[in-house]
Asks: 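Here it is, the structure, as structure tokens.
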2 protein chains.
Amino acid sequence: MEGGGRESGTSLLFLTDEQLRKGIEAMFFAYRGFTADPDRILADMAYGRAHHRAIHFIKRSPGTTVNNLLAILGVTKQSLNRVLRALIEDGLVQSEVGTRDKRERHLYLTEAGETLEQQLSDAQRDRMRAAYRAAGPEAVSGFRQVLEAMMDDDMRRRYEALEKMKG
Amino acid sequence: MEGGGRESGTSLLFLTDEQLRKGIEAMFFAYRGFTADPDRILADMAYGRAHHRAIHFIKRSPGTTVNNLLAILGVTKQSLNRVLRALIEDGLVQSEVGTRDKRERHLYLTEAGETLEQQLSDAQRDRMRAAYRAAGPEAVSGFRQVLEAMMDDDMRRRYEALEKMKG
DNA sequence: ATAATACGTCAGCTTTGTTGACATTCCAAG
DNA sequence: CTTGGAATGTCAACAAAGCTGACGTATTAT
């Protein structure tokens, strides 16, 4: 950004394989923590991480179509369908035929779905909040910068599209 | 750390649910990128992410025991055994009966194992390096701080124990 | 009319995790 | 020396969640 002259030596020297390996392992262990709390909640029900992801993104973009969800989650329609079918049958998700285009199904959380979503995201947010508090605001900014740079280009585009809606 | 006085107002205001949700989604999309390159390499062979993890931590701590690996990976011995058996049969991993305690098996990468490990970690490091370069040294520091704060306590202990050995 | 799209579904397969049961080998305590 | 417990390996059975391929049905677009 600025003052790169003196800094650039550091920022290159800094990227030793050892430093990178630490980052890789930190990412591995942290992701386990990241999913641990929702996993514990879901384990009691007949649901898994896949259901959590579907619920999360339906909450995020109510009325989203199956195709859109497919692209965000990056799984096959058969795999997503299995998850959605369970959620719809259990009354957590509602599927409505589109008005403009009747081929599309628009997905919404029911009240029960909202309740579970709240439970799951509370648990996940609590840990995230604790981590953010412990690390401090500047660290959080860096955290987000590195994560965004780590995404695939098309995933970053999706991520940024999501952020534009609400963020 | 220091100068927390003026900062603390910011660091609280800052932790809105929206900000936390962004962090959660960034973590989700970034982790996909994080594993994408090794996954592509492994897809060509008969291996998956589980094999990569085993290879990584054997490379990391040559001579480690099965039990130690079990604790780090957090899976059942049956699950790990299936992976190890394939790697041993394919001549990527060598298992040696312990000298002090002959019940233990000490695990090492063979030359072929080292070759694959190099291929996988090169791919993963390349992306990590690019992300680090794009974000800058200060961001990297923050990234690591947040990740470490996000781990479960016992996972952080394991992570730090690993770092002490080589880091 | 025909082609393409969105969705659902059936069938079958793979990877990676899980339990539970049981054998073997070995260390250590009695 | 015997025995209990620990570390390991292995068998069987199962579940979650991904995959491919094929097919059907509405609906929209060309």
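Bear in mind the structure is a predicted one, so any value in this text is a computation, not a measurement. Residue numbers start from 1 in every chain, and the chains themselves are labelled A, B, ... in the order their sequence lines are given, proteins ahead of strands.
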Asks: More 5' along DNA chain D: A:Ala46 or B:Glu104, using each one's nearest nucleotide?
Replies: B:Glu104
Asks: Between P on C:dA6 and CG on A:Leu107, what's the gap in Å once rounded to a whole number?
Replies: 14 Å
Asks: Rounding to a whole Å, what distance do you find between A:Arg103:CZ and C:dA4:P?
Replies: 13 Å
Asks: Using a 4.0 Å heavy-atom cut-off, does A:His51 contact any base of the nucleic acid, only the sugar-phosphate backbone, or nothing at all?
Replies: sugar-phosphate
Asks: Could you check how far CZ of A:Arg100 sits from C1' of C:dA6, rounded to whole Å?
Replies: 13 Å
Asks: Which part of the nucleic acid does A:Arg82 contact within heavy-atom distance under 4.0 Å: base, sugar-phosphate only, or nothing?
Replies: base
Asks: What is the distance from CG of B:Leu80 to C1' of C:dT18, rounded to the nearest Å?
Replies: 14 Å
Asks: A:Asn67 side chain N/O closer than 4.0 Å to the phosphate oxygens (OP1, OP2) of C:dC7?
Replies: yes
Asks: Looking at the rings of B:Phe28 and A:Tyr31, which for Trp means the six-membered one, are their centres under 6.0 Å apart?
Replies: no
Asks: Please report, rounded to the nearest Å, how far the P atom of C:dT14 is from the CG atom of B:Asp39.
Replies: 18 Å
Asks: Side chains of A:His56 and B:Glu25: donor-acceptor distance under 3.5 Å anywhere?
Replies: yes
Asks: Does anyone know the first and last nucleotide of DNA chain D in reach of chain B, 5' to 3', at under 4.0 angstrom to a heavy atom?
Replies: D:dG5 to D:dC11
Asks: Within the pair B:Thr76 and C:dG17, is there a side-chain N or O less than 4.0 Å away from OP1 or OP2?
Replies: no
Asks: Let me know, please, whether B:Gln78 or B:Gly48 comes out on the 5' side of the other along DNA chain C by nearest nucleotide.
Replies: B:Gly48
Asks: Would you mind checking if A:Arg85 and A:Asp90 are paired as a salt bridge, meaning a charged N to carboxylate O distance below 4.0 Å?
Replies: no
Asks: Closest nucleotide of DNA chain C for A:Asp101 versus for A:Asn81: which of these residues is on the 5' side?
Replies: A:Asp101
Asks: With DNA chain D as reference, determine whether A:Lys77 or A:Tyr47 sits nearer its 5' end, using the nearest nucleotide of each.
Replies: A:Tyr47
Asks: Do A:Gln118 and A:Thr115 have side chains that get closer than 4.5 Å, going by heavy atoms?
Replies: no
Asks: Rounded off to whole Å, could you give me the CZ-to-P distance for the A:Arg49 and C:dT18 pair?
Replies: 11 Å
Asks: Under 4.0 angstrom, heavy atoms only, what part of the nucleic acid is A:Gly74 near: base, sugar-phosphate, or nothing?
Replies: sugar-phosphate
Asks: Between B:Arg32, B:Arg49, B:Arg127, which is the residue that forms a salt bridge (Lys or Arg N to Asp or Glu O under 4.0 Å) with B:Asp39?
Replies: B:Arg49
Asks: Is the closest side-chain donor-acceptor distance between A:Glu117 and A:Gln119 under 3.5 Å?
Replies: no
Asks: To check you understand the geometry: which heavy-atom pair defines the closest contact between A:Ala139 and B:Gln145, and what is its length?
Replies: CB-OE1, 4.0 Å
Asks: Would you mind classifying the nucleic acid contact of A:Arg85 as base, sugar-phosphate or nothing, using non-hydrogen atoms under 4.0 angstrom?
Replies: sugar-phosphate
